[in-house]
Chemist: 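Sharing a structure, written as structure tokens. Questions coming.
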Amino acid sequence: MTYQDQMRKGTTAVILLHLLAELGRPVHGYEVIKELQRRSEGGFDFKEGLVYPRLHELERQGYLRSYWQESGEGRRRKYYEITDQGRQRLAEERREWRAFRSSVDALLGLDEAA
Amino acid sequence: MAAGLACEIDALLERLRAQMDLDGEREAELLEELRVHLEEAVAEGLAGGLDEAAALAQAARRFGAEAQVGRALQGAHAGWGTADAVMAAAVPVVCALALRWLVYAPDGTALGWPQLLSRPSFWLVAVVALLVPLLKLPRWRYALAAWVIFWGLTVLFGSAAALRW
């Protein structure tokens, strides 16, 4: 597993929560993926199929809720939206990320350069 | 969507399904969600000027290896796995044991329905047993099956209380 893979694995949940919080409306999985690709401008390279297990985990943990809706042509789509619990988790993750980043920046001497 | 493309997507989803061991209802929902994703990805490729084969190949490449995605989905949904199944089976068994204790006195004599129904503890056990399916265990079918067996035994014990099993 590359360094980028490890970083991505550790941050996918908080990124998904942030995305859904910022969109502020229910979105389906494909839209989530397209929005991630658009915002990262290709820098956040990931296999699209692996986003679904993360969405499902977040849902099981109560951070997201979902519902099915007819989308025409007899198809249904599953939509996700963030819960209050998810927003709390996001706030905690953001705080932890800031603290972690500051520590690593200090260790690498990057805080002075910034 | 062309029939050929639909078949290819079916085949991809079938390979993915082979990596999972979830209950049928959950698997069907997962595959439905992923099918919509793949169809949309293929449609995007076609709209971008790719032919069917290239659009499908692109969608599959971006989607990721079926084995990897299937294992990740299994991991996301299996929950406690064995612990779930044990708990699903254990709760009704505990109820059955409690009922057995209620029905049979230490000297081996059994209560009939009239005496049993007058005991608050019997109703407590009955209500707990009724709540078992509400545990929403991923493997809830085990719980439901155990619950049905438990009530079958209850009726048997109650209607033939003189039996010593």
Side-chain angles (χ1 to χ4, degrees), chain A residues 1-2 4-6 8-13 16-17 20 26-38 40-81 86, chain B residues 1-2 6 9 12-13 15-17 19-20 22-23 25-45 47-48 55-81 84 135-140:
Chain A
M1 186 181 279
T2 66
Q4 197 184 20
D5 286 340
Q6 290 178 38
R8 186 169 51 244
K9 195 173 179 185
T11 53
T12 303
L16 288 171
L17 287 174
L20 286 160
V27 284
H28 52 75
Y30 195 76
E31 194 178 353
V32 168
I33 288 160
K34 290 293 136 186
E35 193 61 26
L36 280 177
Q37 289 169 344
R38 189 185 68 76
S40 69
E41 296 174 338
F44 194 73
D45 186 30
F46 56 91
K47 292 299 178 190
E48 296 174 0
L50 292 174
V51 170
Y52 290 94
R54 304 314 299 269
L55 287 170
H56 297 172
E57 279 171 11
L58 289 169
E59 185 184 1
R60 282 192 69 182
Q61 291 162 346
Y63 301 131
L64 300 181
R65 62 173 155 259
S66 72
Y67 62 91
W68 288 88
Q69 192 171 52
E70 295 294 330
S71 65
E73 299 174 5
R75 288 275 186 231
R76 297 190 308 159
R77 302 196 87 143
K78 191 176 182 184
Y79 285 81
Y80 298 89
E81 60 185 339
Chain B
M1 176 156 291
I9 289 175
L12 192 154
L13 290 172
R15 289 194 296 274
L16 195 146
R17 197 185 65 77
Q19 303 295 324
M20 298 190 287
L22 302 170
D23 67 74
E25 189 180 357
R26 191 176 299 273
E27 270 186 13
E29 273 204 349
L30 289 176
L31 296 180
E32 185 177 359
E33 185 178 24
L34 299 180
R35 176 186 299 281
V36 173
H37 171 100
L38 288 166
E39 286 178 353
E40 193 144 353
V42 169
E44 195 178 287
L56 183 68
Q58 177 181 269
R61 192 176 57 251
R62 288 181 177 172
F63 186 76
E66 299 95 341
Q68 190 184 10
V69 175
R71 282 196 300 271
L73 284 167
Q74 174 71 22
H77 287 274
W80 297 354
D84 270 343
L135 287 173
K136 294 187 178 176
L137 299 167
R139 302 199 181 254
W140 60 272

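By convention in this document, chain letters (A, B, ...) are assigned in the order of the sequence lines, proteins followed by strands, and residues within each chain are numbered from 1. Excluded from the calculations below are hydrogen atoms, water molecules and symmetry mates; all remaining heavy atoms, backbone and side chain alike, are included.
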Chemist: Contact part of B/Leu30 toward chain A, heavy-atom cut-off under 4.5 Å: side chain, backbone, both or neither?
Modeler: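 For B/Leu30, the side chain is the part near chain A, not the backbone.
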
Chemist: Is it the side chain or the backbone of B/Glu44 that comes within 4.5 Å of chain A heavy atoms, both, or neither?
Modeler: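 Looking at B/Glu44, just its side chain touches chain A.
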
Chemist: Within a reach of under 6.0 Å around CD of A/Glu70, are more than 12 heavy atoms found that belong to other residues, nucleotides or ligands?
Modeler: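 Yes, because the 6.0 Å sphere around CD of A/Glu70 holds more than 12 heavy atoms from other groups.
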
Chemist: What's the spacing between A/Lys78 NZ and B/His37 NE2 if we round to 0.5 Å?
Modeler: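 Reported value, rounded in 0.5 Å steps: 14.5 Å.
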
Chemist: Looking at A/Pro53 and B/Ala76, what are the two nearest heavy atoms and their distance?
Modeler: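 Nearest pair, atom of A/Pro53 first, then B/Ala76: O-CB, 3.6 Å.
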
Chemist: With respect to A/Arg77, which candidate in B/Glu32, B/Glu33, B/Glu40 satisfies the salt bridge (Lys or Arg N to Asp or Glu O under 4.0 Å) definition?
Modeler: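 Result for salt bridge (Lys or Arg N to Asp or Glu O under 4.0 Å) with A/Arg77: B/Glu40.
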
Chemist: Nearest heavy-atom pair of A/Arg75 and B/Val36: which atoms, and what distance?
Modeler: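 Minimum heavy-atom contact is CD-CG2, 4.1 Å.
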
Chemist: Can you tell me how far apart CZ (A/Arg54) and CG (B/Leu73) are? Round to the nearest 0.5 Å.
Modeler: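 With rounding to 0.5 Å, CZ (A/Arg54) is 12.0 Å from CG (B/Leu73).
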
Chemist: Sort B/Ala65 into side chain, backbone, both or neither according to what part of it lies under 4.5 angstrom from a heavy atom of chain A.
Modeler: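 It is neither, since no heavy atom gets under 4.5 Å.
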
Chemist: Restricting to non-hydrogen atoms, name the atom on B/His77 and the atom on A/His56 that form the minimum distance, rounded to 0.1 Å.
Modeler: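 Heavy atoms only, the tightest pair is NE2-ND1, 2.8 Å.
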
Chemist: Do A/Leu50 and B/Gln68 have side chains that approach each other closer than 4.5 Å (heavy atoms only, starting at C-beta)?
Modeler: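 In contact.
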
Chemist: Between CZ of B/Arg35 and CZ of A/Arg76, what distance do you get to the nearest 0.5 Å?
Modeler: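 So the CZ of B/Arg35 and the CZ of A/Arg76 are separated by 12.5 Å.
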
